[in-house]
Asks: 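Sending over a structure as structure tokens; questions will come in a sec.
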Protein chains: 2
Amino acid sequence: MTDPAPGRLLVAGTGLIGTSVALALRERGAQVWLADADEATARLAADLGAGTVIPDLRDAKGIADGAVIAVPPAAVAATLARAQDCAVADWYTDVASVKALPVTQARALGCELSSYVPGHPLAGRERSGPAAARADLFLGRTWALCPLPETSPDALAAVTGLVLACGADPVRADPATHDQWVALVSHAPHVVAAAMAARLAPSAVPGDALRLAGQGLRDVTRIAAGDSALWTQILTANAAPVAEVIAAVAADLAAAARSLAQSAASPGAPADVPGLLERGRAGAARIPGKHGGQPRNFTAVQVVIADRPGELARLFDAAGAAGVNIEDVRIEHSPGLPVGVAELSVRPDEATTLLDAMEAGGWPVRR
Amino acid sequence: MTDPAPGRLLVAGTGLIGTSVALALRERGAQVWLADADEATARLAADLGAGTVIPDLRDAKGIADGAVIAVPPAAVAATLARAQDCAVADWYTDVASVKALPVTQARALGCELSSYVPGHPLAGRERSGPAAARADLFLGRTWALCPLPETSPDALAAVTGLVLACGADPVRADPATHDQWVALVSHAPHVVAAAMAARLAPSAVPGDALRLAGQGLRDVTRIAAGDSALWTQILTANAAPVAEVIAAVAADLAAAARSLAQSAASPGAPADVPGLLERGRAGAARIPGKHGGQPRNFTAVQVVIADRPGELARLFDAAGAAGVNIEDVRIEHSPGLPVGVAELSVRPDEATTLLDAMEAGGWPVRR
């Protein structure tokens, strides 16, 4: 059962997520109150149209239907307790990226659990702060809802209404399971990317070695570029589940290394390697494709493009004129020359039409 | 010292790479002879304009200035020996992705080493065979040249001329160093991606967990989708260097796992993790950016786009009309809704112009 969007909302913590929720609800005509430990931040969010600042929660009794506690994981329980002490709303939810930690602390602080729905929207950008907030941040994104045994059905229905009002897809999981899932699909990959990228750092690796790098290395190491301090906090907050996943990856890699070393010494295919590669292929195939659901199979059409203003525009013009929808595009650059290869993904039955359009437009294609 | 492009070339092995070299030299007006163990493959390459089939190397004495041995690593030495026995050319090079193996076998077979320049163009696509070949395959790509102590300066100059004629950038390294480099930047990343993706395969991981996946997981695991059998061959051929890199990655991950497990048990930041993340960030920053050279800093502009035919075309039109060059584009999809976020990379001084053009065109932007 789901309620409609809340008519009155309080957002405690006007960072990227909190302000985005506020903007989404403002677009729905809700009354939104904004609170933040730093009042200047709340005022900035208000200036952006996110709502009205309420400087002191003690003045906020009964002011809202629901409250979104949008503060970092370590601050959730204390903020929740304060908001509940001030009786600001009928139901409460948080948005922290880990759930066991705030829940454990909320229990310890004696928070009222029947009105609390732990939650986590899977959205966000590298940029933070209210200025980066968008009303559409959650559009089509997954939003985890992790009700406790104590959580009332009414609170869950209300928070689900909030999630849907933001355009997101709710996914249910208990807090511990949620933390295992994000350890698997978000936190561990970050550490794995860092460990691969760390091999490139030593001064023993000359620049010429890196000139041999291709798109594969870039893909594997891309997320290693993140903020180390921030990620240390995230990993610390979810340490046990992340440790479990990383230990398993390390074990698989150590076994592969031993097999390869053995096959180098005495000829023969390395024992564990084909199995690991096959398991990896199967795992990667399970990741949902565009628009969720089963991974789609698109045909990739490769076109050589010059690096000039308007070149991509001409290319997409030509595709559009031919009635072809380009589902995805990736550009692989040619180090040393101002050309690149654009890989355009289209439905298989449109590939030939696109190829013809590209050649007619003068772009070399790779059939 | 570098020679001009060869006037007469023989290509032994008309797969993707061999046929592409042939096409590149045909564009330069060279006479190109094509040989393949499967004559039908050579004829296909000839039909594509790559040259003229020579069915029997015994009829090829002195037929070319140079010969490109474009067969798989395990077949290089035997093919080289045969070509040299038939005295087809003055100089020889190969294109195998590992160098120690063919070189060791060439020595064992008693090949003439003064005329042999082991080589490896860093180019190619997932698709194979002559039909996938392109004359511009090597444009702007790196091409490793690995002369032996016995290799004559004349042979090296001639092969360098070939590489430049293909539009590639030669990089020098001895064979063992080359193999360590490709282990690091190409082979090990593939195994690491597979090991992370393998964590997603077990039936214990429900579909809902994967709904939490974001772009980071997709990036890390993308190359795990490759052909397991092919990659097993590649890894086996470079087993010792790859084992070394993978063992180091495994060790770093095992240490991080232990630190995280310990910090879960007794509060405090995990010992090794900040250092690993920082080393990863530093390593990733060393990967050359677009067009080689130092990684460039572009400004990323995010635009919400609807998934309709012509939508991308309109967007690029607007950018082009504003005189903005879009350096790169990545599209992040919103599972569940037919919209996505296009992240357009532009020079920092063009970002505002682009943002204005996007808003004027009706696209929501994320400032």
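Within every chain, numbering begins at 1; the chains are lettered A, B, ... in the order of the sequence lines, protein sequences first and strands thereafter.
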Asks: Going by heavy atoms in the side chains, are A:S345 and A:I326 under 4.5 Å from each other?
Replies: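 A side-chain contact under 4.5 Å is absent here.
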
Asks: Parallel, tilted or perpendicular, judged at 30° and 60°: which one describes the rings of B:H190 and B:W231?
Replies: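 Taking B:W231 first and then B:H190, their aromatic rings lie parallel (interplane angle under 30°).
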
Asks: Which heavy-atom pair separates B:A197 from A:A284 by the least distance, and what is that distance?
Replies: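 Closest heavy-atom pair between B:A197 and A:A284: CB-N, 3.9 Å.
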
Asks: Among B:Q180, B:Q233, B:E278, B:M196, who wins on heavy-atom pairs under 4.5 Å with chain A?
Replies: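 Top count of heavy-atom pairs under 4.5 Å with chain A: B:M196.
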
Asks: With chain B as the partner, which of A:G226, A:A264, A:A321 has the greatest number of non-hydrogen pairs under 4.5 Å?
Replies: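 So the answer, after comparing A:G226, A:A264, A:A321, is A:A264.
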
Asks: Pick one of side chain, backbone, both or neither for A:L200, based on which atoms fall under 4.5 Å of a heavy atom in chain B.
Replies: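 Both backbone and side chain of A:L200 come within 4.5 Å of chain B.
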
Asks: Between A:V273, A:V245, A:L184, which has the largest tally of heavy atom pairs under 4.5 Å with chain B?
Replies: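 Ranked by heavy-atom pairs under 4.5 Å with chain B, first place is A:L184.
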
Asks: Would you check if A:P189 and A:I223 make a side-chain contact, meaning some heavy-atom pair closer than 4.5 Å?
Replies: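 They are in side-chain contact.
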
Asks: On a heavy-atom basis, which atom in A:V185 and which in B:A209 lie closest, and how many Å separate them?
Replies: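 Where A:V185 meets B:A209 most closely, the heavy atoms are CG1-O, 3.7 Å.
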
Asks: For B:S186, which atoms come within 4.5 Å of any heavy atom of chain A: side chain, backbone, both, or neither?
Replies: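 No part of B:S186 comes within 4.5 Å of chain A.
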
Asks: Highest number of heavy-atom pairs under 4.5 Å with chain B: which of A:G207, A:A248, A:A193, A:A173?
Replies: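 It is A:A248.
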
Asks: Flag the one option from B:L212, B:V182, B:L122, B:V171 with the top tally of heavy-atom pairs under 4.5 Å to chain A.
Replies: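 The option with the most such pairs is B:L212.
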
Asks: Scan residues 249-263 of chain B for pairs that pass side chain to side chain donor-acceptor pair (under 3.5 Å), counting only residues two or more places apart or in two chains.
Replies: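 The answer is A:R199-B:D252, B:D252-B:R279, B:S259-B:D272.
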
Asks: Just so I understand: if I count every heavy-atom pair under 4.5 Å between each of A:R172, A:E244, A:R222, A:H178 and chain B, which residue has the most?
Replies: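 Answer, by heavy-atom pair count under 4.5 Å with chain B: A:R222.
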
Asks: Do A:H187 and A:V191 have side-chain heavy atoms sitting under 4.5 Å apart?
Replies: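 Sidechains of A:V191 and A:H187: no contact.
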
Asks: Quick check on the interface: out of A:A322, A:A254, A:P206, A:A319, who has the most heavy-atom pairs with chain B under 4.5 Å?
Replies: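 Winner by heavy-atom pair count: A:P206.
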
Asks: If you count heavy-atom pairs under 4.5 Å between each of A:T221, A:L210, A:N238 and chain B, which one has the most?
Replies: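 It is A:L210.
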
Asks: B:A195, B:A135, B:A318: which one forms the most heavy-atom pairs within less than 4.5 Å of chain A?
Replies: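 Highest number of pairs under 4.5 Å: B:A195.
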
Asks: Within a strict 4.5 Å, meaning less than it, do heavy atoms of the B:W181 and A:D208 side chains meet?
Replies: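 Touching, per the 4.5 Å side-chain cut-off.
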
Asks: By a 4.5 Å heavy-atom criterion (distance strictly below it), what part of A:L253 contacts chain B: side chain, backbone, both, or neither?
Replies: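 Both parts, backbone and side chain.
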
